[in-house]
Amino acid sequence: EVHLVESGGGLVQPGGSLRVSCAASGFTFGSYWMNWVRQAPGKGLEWVANIKHDGNEKYYADSVKGRFTISRDNAKNSLYLDMSSLRAEDTAVYYCARYSFSWSFFDSWGQGALVTVSA
Amino acid sequence: QTVVTQEPTLSVSPGGAVTLTCALTSGSVSTTNYPSWYQQTPGQAPRSLIYRTSSRSSGVPDRFSGSILGNKAALTITGAQAEDESDYYCLLFVGSGVWVFGGGTKLTVL
């Protein structure tokens, strides 16, 4: 069974940095593109970034480009999102989601990690 | 950046049918946008319903169907049930590795 578990959320001050992680199990992690999706309190889903299975391609939403970095460690079955220059509007639950390349959709999701940016 | 629009709210009677749509402000939605649909209840992670326009994810009841209607992607629920009351999001591939979610539709069954 596919399992995605996010961690590393918490409270951070505006302008600060934070890393959220996603531990994957139940599938061959190194064979899949992975994504980060966020959801601000009471708001809709927002795609944040994705990374190719080998880490050689990465794409970002304009809202986070230059501030967030997606990465992965296939040996550790882990996905990361390094966030810097954080703003209040980055406050959200951050979900990792597996991408099915064969069928072009996000087929498995974690339960999310809450990041709160506040003084 | 590209904006994807959905009806903010819709309602349907139990047993009735409703269609949710997903539009691109910059043009028509096609199969090459790989439309997919997700259902989310409060406090839960999203769950996939439909992928590649019209294919149902594993375990999804056949009262859910997807299509392209005119220049939009569409999710139709036929024979709505109380448990279908949720938020629904479409997701589109807009090129250059970038995906965009619609703003979501809050569906009420009453």
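Naming: A, B, ... by sequence-line order, numbering from 1 per chain.
Among B:Val98, B:Leu92, B:Val100, B:Val94, the single residue meeting the side chain to side chain contact (heavy atoms under 4.5 Å, CB included) criterion with A:Trp47 is B:Val98.
Linking ILVMFWY side-chain heavy atoms closer than 4.5 Å, directly or via other members, places B:Leu20 and A:Leu45 in two distinct hydrophobic clusters. Hydrophobic clustering places B:Tyr88 together with B:Ile50 (ILVMFWY residues linked when any side-chain heavy atoms are closer than 4.5 Å, directly or through intermediates). Grouping the Ile, Leu, Val, Met, Phe, Trp and Tyr side chains by contacts below 4.5 angstrom, directly or via other members, places B:Leu10 with B:Leu49. Residues A:Tyr99 and A:Ile70 do not share a hydrophobic cluster, defined by chaining ILVMFWY side chains whose heavy atoms lie under 4.5 Å apart. At a threshold of 4.5 Å between side-chain heavy atoms, the hydrophobic network of Ile, Leu, Val, Met, Phe, Trp and Tyr places A:Val93 and B:Phe101 in one connected group.
For A:Asp62, the parts lying near chain B are the backbone and the side chain together; criterion is any non-hydrogen pair under 4.5 Å. Only the backbone of B:Ser96 comes within contact range of chain A, judged by heavy atoms closer than 4.5 Å. Looking at A:Val48, there are no atoms closer than 4.5 Å to chain B (heavy atoms on both sides), in backbone or side chain. Interface residue A:Lys43: only backbone heavy atoms are found under 4.5 Å from chain B. At a 4.5 Å heavy-atom cutoff, the contact between B:Tyr34 and chain A is made by backbone and side-chain atoms alike. Heavy atoms of B:Phe93 lying under 4.5 Å from chain A are absent altogether. At a 4.5 Å heavy-atom cutoff, the contact between A:Gln39 and chain B is made by side-chain atoms alone. Only the side chain of B:Gln40 has a heavy atom closer than 4.5 Å to any heavy atom of chain A.
The minimum heavy-atom distance linking B:Arg52 with A:Ser104 is given by the pair NH2-OG, 3.0 Å. Scanning both residues, B:Ala45 and A:Gly110, for their nearest heavy atoms gives CB-O, 3.2 Å. Residues B:Gly97 and A:Asn50 share a closest heavy-atom pair of O-ND2, 3.1 Å.
By the neighbour-count criterion of 12 heavy atoms within 6.0 Å, atom NZ of A:Lys58 is densely surrounded, having more than that number from other residues, nucleotides or ligands.
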(request) Could you give me the CA-CA distance, side-chain angles and deciding distance for B:Ser57 and A:Phe105, then say whether side-chain contact (heavy atoms from CB on, under 4.5 Å) is met? (result) CA-CA 10 Å; B:Ser57 294; A:Phe105 76 113; 3.7 Å; yes

(request) Test side-chain contact (heavy atoms from CB on, under 4.5 Å) on A:Asp107 and B:Tyr51 and set out the steps. (result) CA-CA 9 Å; A:Asp107 66 354; B:Tyr51 61 94; over 6 Å; no

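Ring centers of B:Trp99 and A:Phe106: under 6.0 Å apart, within the cut-off.
Side-chain contact between A:Trp103 and B:Ser55 is absent, with no heavy-atom pair separated by less than 4.5 Å.
By number of non-hydrogen pairs under 4.5 angstrom with chain A, the leading residue of B:Pro46, B:Ser36, B:Gly104 is B:Pro46.
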